[in-house]
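Remarks on the structure that follows.
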Amino acid sequence: MSLYDISALKQDLAGLSMVDDPRLVRQKSRDFFWYSPVLKRQLDHVSGDLVVTPRNEDEVVQVLTACHARGIPVTPRGSGTGNYGQAMPLSGGVILNLAEMQSVREIGEGKVIAEPGAILSKVDDETRAHSRQELRMFPSTYRTASIGGFIGGGSGGVGSITWGGLRDFGNVLRLRIVTMEAEPRRLELTGEDLHKVMHAYGTNGIITEVEAPLAPAYDWVEVIVGFDDFMSGMRYANDLARQDGILKKLITPIAAPIPSEYLSRDFSFTRKDQSIVLLMIAPHAMGAFLAFHRRAAAGSREILFRSDKATDEESKNLPPVYELAWNHTTLCARRLAKDITYLQVLYPFPNQIELVEKIHARFGDEVLAHLEFVRFDGDITCFGLPLVRYSNEERLEEIMKIHEDLGAPIFNPHRYTLEEGGMKQTDAVQLAFKQEADPQGLLNPGKMIAWDDPSFDYASQTTYLFPGLQNPEQTAE
Ligand SMILES: Cc1cc2nc3c(=O)[nH]c(=O)nc-3n(C[C@H](O)[C@H](O)[C@H](O)COP(=O)(O)OP(=O)(O)OC[C@H]3O[C@@H](n4cnc5c(N)ncnc54)[C@H](O)[C@@H]3O)c2cc1C
């Protein structure tokens with residue numbers, strides 16, 4: 001039974017597209033939280049009360065005005081591919097489904113303006129057809145995720161090896177947002193102000209328009225290189241990442257036995273004991289890349305696949321390589337082994353090679369290496385999204401603590417709050433903006449600890465438990 005007067009809200013919103021069938025509402029209340037056994041246990045029962053699908057910004061304003069007046073929480077949703085329960089309505093209420101606001105409004109030299117629900121690959125389809133341009137970066141969920149959801153919940157991905165992360169200055173140009181007040185305001189944010197709402201999980205404003213930079217578009221050549229040992233692959237990847245003259249979009253080292261056990265179901269491109277590096281290289285840079293490859297120090301390197309030379313049969317059996325990378329590596333593994341989960345690790349520059357070597361030697365087969373090379377604050381380093389053979393929550397915590405003790409910070413993907421999944425500290429800018437833009441705390445409740453419990457001690461190693469999290473028995477009725 002709902003805590004809110006949903007029938008009255010439905011009357012307020014008559015004429016808007018709404019769904020209250022509990023089965024459909026539950027579907028739209030979930031994301032990829034189940035990647036984490038911890039979040040699966042905590043959030044599996046969570047459901048909103050009503051899905052509202054606005055067609056334009058005026059309808060967004062109408063929903064926020066009505067929900068504000070009735071004290072009903074609103075959780076925005078793009079495509080629901082986030083993996084920390086980011087888009088899950090912990091206190092029920094309205095799911096604001098932005099999927100129908102999907103048009104690309106304007107394409108110019110070096111930039112595109114789109115509505116928040118536009119799917120990233122569809123934005124690229126339009127910008128490519130218009131003027132051979134494409135988005136600088138995308139998550140590996142390119143073919144399903146929305147541009148608003150990427151900015152609200154994502155951090156970077158394919159393209160970050162050249163362009164850095166989403167939060168770096170210049171990787172988003174402008175956002176238009178609507179606030180959650182008695183009379184919602186429509187604000188345009190640029191420059192430093194963008195950080196108020198980027199990666200804030202929609203807790204302090206609804207993004208209704210995005211202006212993003214574009215780069216020249218290429219028919220990227222996909223390459224898979226095999227190695228007899230993982231550390232040779234990592235060194236090769238690190239050296240290639242530092243070759244500024246070779247334009248690339250993806251550099252992903254993955255340790256054996258992940259490729260043969262989990263990634264090559266249809267097209268068996270590796271031997272069982274082979275580690276790989278996945279690459280996307282601009283076609284005009286292939287000559288330079290091959291020269292680098294011939295010169296590289298790693299003894300065992302072997303090009304196993306090149307999309308520009310592959311037979312139709314080989315290409316048909318392989319997804320785009322980015323769908324084997326970033327968090328898709330975890331997805332591929334989880335499809336075949338339910339006991340697999342993962343971590344998100346930063347190996348800070350300049351010690352990335354030594355750190356990866358030390359950490360993986362320590363865990364052996366329990367934590368399997370998967371790295372993503374990126375440009376981070378101007379330096380080349382890598383994130384890790386290692387696969388973990390899960391035994392229990394205590395051991396998972398212990399594994400994370402060992403990483404941190406050795407100098408590799410964890411962005412904990414087994415927590416639903418911004419702070420615990422991020423820098424484990426209050427983001428004063430986002431908090432101050434929430435006080436201004438959502439004074440009743442109705443936007444995506446429970447995701448910002450600084451709002452709910454300013455005295456929470458991040459050093460205590462305890463998990464923050466949002467007191468407003470729906471009671472499983474209440475929602476089961
Ligand atoms: C297999 C897999 C691979 C992934 N790979 C990557 C990756 O490479 N890089 C990466 O960064 N992430 C990755 N992710 C996470 C996620 O897919 C991306 O961040 C994606 O861009 C989210 O888009 P979405 O439309 O699904 O957003 P949702 O999941 O719907 O929303 C994400 C967050 O943004 C908020 N939000 C949505 N729309 C708005 C809006 N209009 N205004 C304000 N807030 C809003 C939501 O409330 C939620 O908190 C991956 C996830 C999976 C499952």
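Only heavy atoms go into these numbers, but all of them, side chains included; no hydrogens, no water, no symmetry mates. Note that ligands are numbered from 1 as they come in the structure, with each ligand's atoms numbered from 1 the same way.
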Which label fits Phe466 and Tyr464: parallel for a plane angle under 30°, tilted from 30 to 60°, or perpendicular past 60°?
tilted
Nearest protein heavy-atom contact for [atom]: which residue, which atom, what distance?
atom	result
atom 25 (O) of ligand 1	Ser146 OG, 2.6 Å
atom 32 (C) of ligand 1	Gly149 O, 3.6 Å
atom 42 (N) of ligand 1	Ile207 N, 2.9 Å
atom 29 (O) of ligand 1	Gly82 N, 2.9 Å

Does [X] come within less than 4.0 Å of ligand 1, judged by its heavy atoms?
X	answer
Asp31	no
Ala325	no
Tyr322	no

N/O donor-acceptor pair under 3.5 Å between [X] side chain and [Y] backbone:
X	Y	result
His370	Leu385	yes
Asn444	Pro89	no
Lys28	Ile95	no

Could you please spell out the steps behind the ring-ring contact (aromatic ring centres under 6.0 Å, His included) verdict for Tyr35 and Phe33?
CA-CA 5 Å; Tyr35 257 50; Phe33 73 106; over 10 Å; no
Please step through side-chain hydrogen bond (donor to acceptor under 3.5 Å, both in side chains) for the pair Tyr84 and Glu420, ending with a clear verdict.
CA-CA 11 Å; Tyr84 327 117; Glu420 291 165 299; over 6 Å; no
Atoms of ligand 1 less than 4.0 Å from Gln86 heavy atoms?
47 (O), 48 (C), 49 (O)
Quick note on ligand 1: atoms under 4.0 Å from a heavy atom of Gly156 include exactly 7 (C), 8 (O), 9 (N), 10 (C), 11 (O)
For [atom], which of the options [options] provides the nearest non-hydrogen atom?
atom	options	answer
atom 46 (C) of ligand 1	Gly152, Pro76, Gly202	Pro76
atom 7 (C) of ligand 1	Gly154, Pro139, Pro89	Pro139
atom 18 (C) of ligand 1	Val197, Leu385, Asn327, Thr141	Thr141

Can you run down the side chain to side chain donor-acceptor pair (under 3.5 Å) pairs that involve residues 63-76, sequence neighbours left out, and say none if there aren't any?
Asp12-Arg70, His68-Gln440
So for Asn444 against ligand 1, with non-hydrogen atoms under 4.0 Å, the contacting part is side chain
As a quick check of understanding, evaluate side-chain hydrogen bond (donor to acceptor under 3.5 Å, both in side chains) for Thr162 and Arg375, giving each step before the final call.
CA-CA 6 Å; Thr162 299; Arg375 191 169 276 286; over 6 Å; no
